[in-house]
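Remarks on the structure that follows.
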Amino acid sequence: MQNFCGKPFEIHFFRNHSKSASTYGALESLSTMNGSMVKPRKHVLCTALSSCAKTLNWHLGIQIHAYMIRSGFEDNLFLCSALVDFYAKCFAIVDAKKVFSGIKIHDQVSWTSLITGFSINGHGREAFLLFKEMLCTQIKPNCNTFASVISACVGQNGAHEHCLTLHTHIIKRGCDTNNFVVSSLIDCYANLGQIDDAVLLFVETNEKDIVVYNSMISGYSKNLYSEDALKLFVEMTGENVVPTNHTLCTILNACSSLALLLQGRQVHCVVIKMGSERSVFVASALIDMYSKGGDIDEAQCVLHQTSEKNNVLWTSMIMGYAQCGRGSEALELFDCLLTKQELIPDHICFTAILTACNHAGFLDKGVEYFNKMTTNYGLSPDMDQYACLIDLYARKGNLSKARELMQEMPYDPNYVIWSSFLSSCKIYGDVELGREAADQLIKMEPCNGAPYLTMAHVYARKGLWNEVAEIRRLMQQRRVRKSAVSYICSG
DNA sequence: ATAGGGTTAG
């Protein structure tokens with residue numbers, strides 16, 4: 001048995017993780033043909049290439065490319081488009097571009113394949129530029145093209161303008177009722193904070209599928225309209241649209257952010273009805289929802305009922321303990337997992353355990369974990385873990401050690417770090433370090449009155465009335481407002 | 001025969 005390159009084919013190669021029957025069939029028939037020395041026809045190669053793209057079967061894909069060249073199929077537009085798609089999906093965007101440039105006469109599919117390729121490889125700008133280039137040709141974009149180019153624009157610079165331009169073209173070409181296009185547009189508008197535009201589009205769409213609903217629900221959630229997200233979820237259920245795990249996660253997050261324990265429990269019922277508890281995504285959303293809602297025992301139950309546990313689930317639980325002040329339990333769980341080697345901790349695990357130490361005031365333990373991170377697990381701490389440790393020292397009153405760490409760490413302290421440091425300076429009445437922290441904060445956010453007020457408080461406690469007056473003068477001179485938020489922030 | 005949407009956790 002020979003393959004296209006003269007080496008034997010490995011049959012098991014075709015029995016990979018392809019999900020669709022057609023993918024399996026295409027690869028299977030290709031292997032059978034190969035065994036019987038029948039030359040595969042062009043359309044078989046085309047389907048096979050598409051399957052290689054879907055299953056990231058690089059090895060077979062490049063063999064098909066080689067075979068195409070040897071058999072004189074190099075100029076076939078169908079095969080070339082499929083090749084562009086294959087290379088792009090396998091992250092070989094340079095090869096995809098090369099094949100695309102070699103095509104003499106393009107069609108909608110070849111253009112769309114490369115636009116999608118740029119998009120999924122994170123080159124949103126190039127995707128949009130290529131789309132504009134396409135507009136200058138005879139070949140007009142269709143719904144597939146629009147769906148790709150819009151999702152490429154999400155989060156890009158100039159997304160607002162691009163979205164407007166695209167929407168105009170979409171209406172002109174009658175693609176504004178296509179669910180693929182609508183869901184991308186909703187996502188794009190929601191990411192721009194233009195929730196009204198997203199809603200307008202949503203209500204004007206007649207036969208909405210689950211993805212369109214999911215886009216709108218997560219759009220609401222992203223823009224902090226969690227109540228609307230929940231309302232739409234209920235409405236969707238009434239329309240007999242079946243939620244996916246993705247829907248449930250989004251909805252549970254909405255419940256978490258509103259600390260809506262009651263509604264969260266109802267969603268938990270839906271989760272059980274759908275048999276979605278096994279999804280680690282759903283389980284971690286549940287744990288998070290119960291933790292934030294204050295029902296740590298229920299969070300524990302969810303964790304225990306989840307058969308496949310991973311880092312995210314464990315970390316959610318540890319963070320849950322940390323946030324509700326059950327520091328000892330957080331440490332106990334973490335240590336137990338390490339001993340049993342059930343957890344290979346990463347940066348976020350350490351943030352969780354350091355948060356637990358911080359909330360419970362376990363300084364020695366905190367230092368121990370912080371050091372363990374590097375010595376036992378080869379992880380170099382990032383800003384978050386430094387922030388925990390610095391805050392831990394400062395809250396315990398060791399301000400100079402905290403200040404030292406801020407200088408030692410390979411990052412510039414951010415607003416949160418300076419701000420919590422200032423709070424500790426206030427508690428322990430350290431004028432010198434407090435003044436430094438306040439100066440830094442004022443430099444970072446000149447209009448925020450909070451650091452001025454905290455410093456005024458520190459000075460007043462020490463009876464430094466001249467300094468208090470100086471602060472008042474500075475605030476008037478710089479027109480810094482004492483907003484309600486500032487009062488709250490200054491503690 | 002070839003191309004398309006929402007990727008959900010800490």
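Residue numbers start from 1 in every chain, and the chains themselves are labelled A, B, ... in the order their sequence lines are given, proteins ahead of strands. All values derive from a computational prediction rather than experimental measurement.
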With a cut-off of 3.5 Å and sequence neighbours excluded, list every side-chain donor-acceptor pair involving residues 267-274 of chain A.
residue  : atom : partner  : partner atom : Å
A/His268 : ND1  : A/Tyr290 : OH           : 2.7

**Item:** Nucleic acid contacts - residues 346-355 of chain A versus DNA chain B, non-hydrogen atoms under 4.0 Å
**Value:** A/Asp346, A/Ile348, A/Cys349
**Message:** Once you apply a heavy-atom cut-off of 4.0 Å, does A/Val212 come out as touching a base, just sugar-phosphate, or nothing?
**Reply:** base
**Item:** Sugar-phosphate only, base, or nothing, as touched by A/Thr244 at under 4.0 Å among non-hydrogen atoms
**Value:** base
**Prompt:** Which pairs pass salt bridge (Lys or Arg N to Asp or Glu O under 4.0 Å) with one or both residues in residues 130-147 of chain A, sequence neighbours excluded?
**Reply:** none
**Request:** Answer with base, sugar-phosphate or nothing: what part of the nucleic acid does A/Asn179 contact at a heavy-atom distance below 4.0 Å?
**Result:** base
**Message:** Can you list everything that forms a salt bridge (Lys or Arg N to Asp or Glu O under 4.0 Å) with A/Asp382? Sequence neighbours excluded, please.
**Reply:** none
**Asked** Considering residues at least two apart in sequence or located in another chain, which fulfil the ring-ring contact (aromatic ring centres under 6.0 Å, His included) criterion with A/His246?
**Response** none
**Request:** Verify the ring-centre separation between A/Phe350 and A/Phe370: is it less than 6.0 angstrom?
**Result:** no
**Complete:** Per the under-4.0 Å heavy-atom filter, residues of residues 72-94 of chain A near DNA chain B come out as A/Asn76, A/Phe78, A/Ser81, A/Asp85, A/Lys89
**Residue pairs fulfilling salt bridge (Lys or Arg N to Asp or Glu O under 4.0 Å) with at least one residue in residues 249-266 of chain A, sequence neighbours excluded** = A/Arg265-A/Asp295
**Prompt:** So what does A/Lys292 hit on the nucleic acid, given a heavy-atom distance under 4.0 Å: a base, only sugar-phosphate, or nothing?
**Reply:** nothing
**Message:** Using a 4.0 Å heavy-atom cut-off, does A/Asn253 contact any base of the nucleic acid, only the sugar-phosphate backbone, or nothing at all?
**Reply:** sugar-phosphate
Output a table of donor-acceptor pairs, distance under 3.5 Å, between side-chain atoms of residues 77-101 of chain A and any protein atom two or more places apart or on a different chain; print 'none' if there are none.
residue  : atom : partner : partner atom : Å
A/Ser81  : OG   : A/Leu77 : O            : 3.0
A/Asp85  : OD1  : A/Lys89 : NZ           : 2.7
A/Asp85  : OD2  : A/Lys89 : NZ           : 3.3
A/Tyr87  : OH   : A/His65 : ND1          : 2.6
A/Ser101 : OG   : A/Lys97 : O            : 2.6

**Message:** For a quick check of understanding: with a heavy-atom distance under 4.0 Å over all strands, which category does A/Ser113 fall into, base, sugar-phosphate or nothing?
**Reply:** sugar-phosphate
Pair up each side-chain donor or acceptor in residues 198-207 of chain A with any protein partner under 3.5 Å, not counting sequence neighbours, and list the distances.
residue  : atom : partner  : partner atom : Å
A/Thr205 : OG1  : A/Leu201 : O            : 2.8

**Request:** Under 4.0 Å between any heavy atoms, over every strand shown, what does A/Ser215 touch: base, sugar-phosphate, or nothing? Just pick one.
**Result:** sugar-phosphate
**Asked** So do A/Leu392 and A/Cys357 actually touch side chain to side chain, heavy atoms under 4.5 Å?
**Response** yes
**Fill in**
The salt bridge (Lys or Arg N to Asp or Glu O under 4.0 Å) partners of A/Asp196 (sequence neighbours excluded) come to none
**Complete:** In the 5' to 3' direction, the nucleotides of DNA chain B bounding the stretch that comes under 4.0 Å of a heavy atom in chain A are B/dA1 to B/dG10
**Inter- and intrachain pairs under side chain to side chain donor-acceptor pair (under 3.5 Å), touching residues 330-350 of chain A, at least two apart** = A/Asp335-A/Tyr369
